[in-house]
Amino acid sequence: MIVMKFGGTSVESAAAIQRVAGIVRARGDRRPVVVVSAMGKTTNKLLAIASAAISGDRREYLRQIHDLRDFHSREARMVVPLADRTELDRTLDDHFQELTELVKGLAVLGELTPRSIDAISSYGERLSSYIVTLAFRHFGIPAVHLDSRRVILTDNRHTQAAPLYSETYTRLAATVPAMAEHSVVVMGGFIGSNRDGVTTTLGRGGSDFTAAIVGAGIAAEEIQIWTDVDGMLTADPTILPGGHRVKLISFAEAAELAYFGAKVLHPATLLPAMEKNIPVLILNSRRPDVPGTRIVAESIACQNVVKSIACKRKITLLNIHSTRMLMAHGFLRRIFEVFDRFETPVDMVATSEISVSLTIDNSERLESIAGELRQFADVESERDQAIVCLVGDNIRDTPGVARRVFGALHGVNVRMISQGASLLNFSFVVAEADLRRTVEALHTEFFADLDPAVFEAAAPAGPAVHA
Ligand code: ADP
Ligand code: ASP
Ligand code: MG
């Protein structure tokens with residue numbers, strides 16, 4: 001069996017779903033289990049509906065629900081067999097009626113809890129998985145739908161739930177292989193349920209994680225993540241277009257890239273795959289013949305020091321300074337306790353004799369955190385910073401990486417550096433305004449020559465073609 005996960009853009013329309021059917025059909029002999037995201041930007045739209053509800057804008061949220069139903073209905077009707085149209089309409093009616101009731105309830109309460117956010121955002125994957133199942137049948141693929149909430153059991157941390165692995169694996173092993181015997185099993189990503197049967201979600205971008213959990217639970221031979229790029233690229237294409245495709249990369253390297261912002265993989269995706277040693281592939285659903293990126297357990301011999309550059313934007317940098325820190329123990333513990341109490345993860349840390357610099361991604365509770373820290377230290381915070389992270393196995397034993405980085409970056413003010421915490425990454429902080437030129441300079445420095453065993457060079461950008 002293989003798991004094939006298709007992201008939002010890969011199922012954004014009838015035409016996209018038809019492409020997906022072709023890709024799945026061509027791999028039918030490998031007994032695919034398909035995991036799908038919500039169609040296009042549906043999750044964002046559901047969250048916008050929830051916000052409109054609590055702001056009391058009845059006309060607005062009703063209009064948005066109506067539009068979302070229209071969109072699903074329009075695209076689905078083009079890929080659902082005539083014989084199934086009545087069932088399709090009834091199911092869409094049921095789902096959207098339920099959603100409308102839920103949203104009206106929220107509007108009355110005027111309050112949005114993590115639990116109700118999960119209830120609302122789950123509709124995206126519930127609808128897409130159902131529609132894709134019917135579409136597969138339309139295109140001649142025997143398919144069965146499995147409600148992921150029956151098999152993906154999670155803890156209670158709504159909007160960021162973690163799977164309860166052992167029970168989830170037991171449920172998956174007991175259900176999926178038997179269903180996959182004669183049909184393609186289709187499941188929604190992102191969603192699960194807690195022990196009380198209440199709907200939870202695995203966090204934004206969590207469908208990749210679902211695919212990996214399912215893959216591990218059924219001991220799949222491969223987990224394929226189908227998306228809208230040719231694979232893991234040497235730079236985040238939203239910051240620097242034209243990066244090269246990385247053909248082969250290790251779990252450890254890819255996990256580090258995902259953690260430091262390479263959105264192409266949800267950061268937790270590789271844990272279950274690594275544990276069960278299942279290769280993960282990143283593939284492009286618009287260009288299925290491109291071999292993509294293969295992520296494997298063993299490290300890969302490579303002439304280049306760096307495999308890829310990841311970035312995390314909208315970071316806040318905090319400088320915490322106290323003369324009381326000099327020769328005192330327990331100071332770091334006090335600092336980290338504050339972040340712990342406000343449930344705010346710290347990404348990067350650097351310390352000196354009397355100061356600590358650190359970065360946080362989530363600055364929602366920054367004011368309260370700074371207030372507490374000010375009781376025993378001076379605190380300065382700076383928003384609009386970015387972490388740049390170079391990743392490659394060879395960083396660990398190649399001298400002079402820092403010299404090459406800073407040599408390439410003349411003129412850019414580097415705010416904080418971290419090396420050594422993980423032997424395969426070198427990260428630092430710059431102002432977001434400097435991000436693009438930083439990545440461009442590093443990309444030129446580290447990818448001027450490419451090891452052909454590991455990289456596929458991007459086609460040089462040709463002159464613009466005007467229609
Ligand atoms: P999906 O909806 O298929 O899950 P995502 O938008 O979550 O797709 O992830 C794919 C996107 O990840 C790409 O379109 C690209 O903009 C972004 N991305 C960031 N860093 C990288 C990288 N190093 N390589 C490839 N894509 C990257
Ligand atoms: N639909 C969810 C999101 O947009 C999960 C996913 O696409 O991976 O975050
Ligand atoms: Mg994604």
Side-chain angles (χ1 to χ4, degrees), residues 4-12 16 19-20 35-48 117-118 120-129 148 152 159-161 187-192 200-213 224-247 249 253-269 280-287 290 292-293 295 306-313 386-392 435 439 442-443 447 455-456 458:
M4 305 176 75
K5 176 261 172 178
F6 294 91
T9 44
S10 302
V11 291
E12 69 186 355
R19 262 197 308 270
V20 166
V35 173
V36 290
S37 289
M39 291 173 66
K41 297 263 174 265
T42 297
T43 310
N44 288 350
K45 289 179 183 160
L46 288 164
L47 295 173
I117 293 176
D118 277 351
I120 290 182
S121 58
S122 72
Y123 279 89
E125 273 71 9
R126 286 160 63 187
L127 288 162
S128 64
S129 55
S148 300
I152 308 289
T159 75
Q160 281 297 334
M187 310 171 56
F190 181 56
I191 56 177
T200 55
T201 68
L202 304 175
R204 293 307 306 270
S207 296
D208 302 332
F209 192 19
T210 307
I213 297 165
Q224 303 181 345
I225 307 290
W226 291 84
T227 182
D228 60 354
V229 281
D230 282 353
M232 184 67 84
L233 304 172
T234 49
D236 182 336
T238 60
I239 294 164
L240 184 73
H244 313 294
R245 173 165 61 90
V246 184
K247 295 196 278 192
I249 193 167
E253 290 169 318
E256 201 83 4
L257 287 166
Y259 180 74
F260 279 98
K263 187 183 163 225
V264 66
L265 281 181
H266 179 280
T269 308
V280 176
L281 272 77
I282 305 175
L283 295 153
N284 190 343
S285 68
R286 285 161 204 240
R287 307 203 318 145
V290 175
T293 296
I295 310 173
V306 174
K307 293 263 172 49
S308 177
I309 306 167
C311 311
K312 243 186 185 179
R313 283 184 263 206
I387 298 178
V388 179
C389 176
L390 304 178
V391 173
L435 184 58
V439 175
L442 292 175
H443 200 264
F447 298 108
F455 302 97
E456 175 75 33

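Note that ligands are numbered from 1 as they come in the structure, with each ligand's atoms numbered from 1 the same way.
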Report task. Could you tell me which residues satisfy salt bridge (charged side-chain N to carboxylate O under 4.0 Å, His left out) with Arg313, sequence neighbours excluded, listed by chain and number? Result -> none

[X] vs [Y] side-chain heavy atoms within contact, under 4.5 Å:
X      : Y      : result
Ile225 : Leu265 : yes
Glu125 : Thr43  : yes
Ser128 : Thr42  : no

Report summary line: On a heavy-atom basis, the closest approach of Arg245 and Thr293 is CG-OG1, 4.3 Å

Query - Closest approach of Gly261 to Asp236 (non-hydrogen atoms, all atoms of both residues) - result: O-OD2, 4.4 Å

Requested in this report: Can you label the angle between the Phe455 ring and the Phe447 ring as parallel, tilted or perpendicular, going by 30° and 60°?
Outcome: perpendicular

N/O to N/O under 3.5 Å, ligand 1 against protein:
unit_1, atom_1, unit_2, atom_2, d
ligand 1, 2 (O), Gly8, N, 3.2
ligand 1, 3 (O), Thr227, OG1, 2.7
ligand 1, 4 (O), Lys5, NZ, 3.0
ligand 1, 6 (O), Lys263, NZ, 2.9
ligand 1, 8 (O), Thr227, OG1, 3.2
ligand 1, 12 (O), Val264, N, 3.3
ligand 1, 14 (O), Asp228, OD1, 2.8
ligand 1, 14 (O), Asp228, OD2, 3.4
ligand 1, 23 (N), Leu233, O, 3.2
ligand 1, 24 (N), Leu233, N, 2.9

Starting from the N and O atoms of ligand 2, find every protein N or O within less than 3.5 Å and list the pair with its distance.
unit_1, atom_1, unit_2, atom_2, d
ligand 2, 1 (N), Thr43, OG1, 2.7
ligand 2, 1 (N), Glu125, OE2, 2.6
ligand 2, 4 (O), Thr43, OG1, 3.3
ligand 2, 4 (O), Arg204, NH2, 2.9
ligand 2, 7 (O), Ser37, OG, 3.1
ligand 2, 8 (O), Gly205, O, 3.4
ligand 2, 8 (O), Gly206, N, 3.4
ligand 2, 8 (O), Ser207, N, 3.0
ligand 2, 8 (O), Ser207, OG, 3.2
ligand 2, 9 (O), Arg204, NE, 2.6
ligand 2, 9 (O), Arg204, NH2, 3.4
ligand 2, 9 (O), Gly205, N, 2.8

Query raised in the report: Quick one: ring-ring contact (aromatic ring centres under 6.0 Å, His included) partners of Tyr259, sequence neighbours excluded?
Result: none

Query raised in the report: Is Arg286 paired with Glu12 through a side-chain N to carboxylate O contact shorter than 4.0 Å?
Result: yes

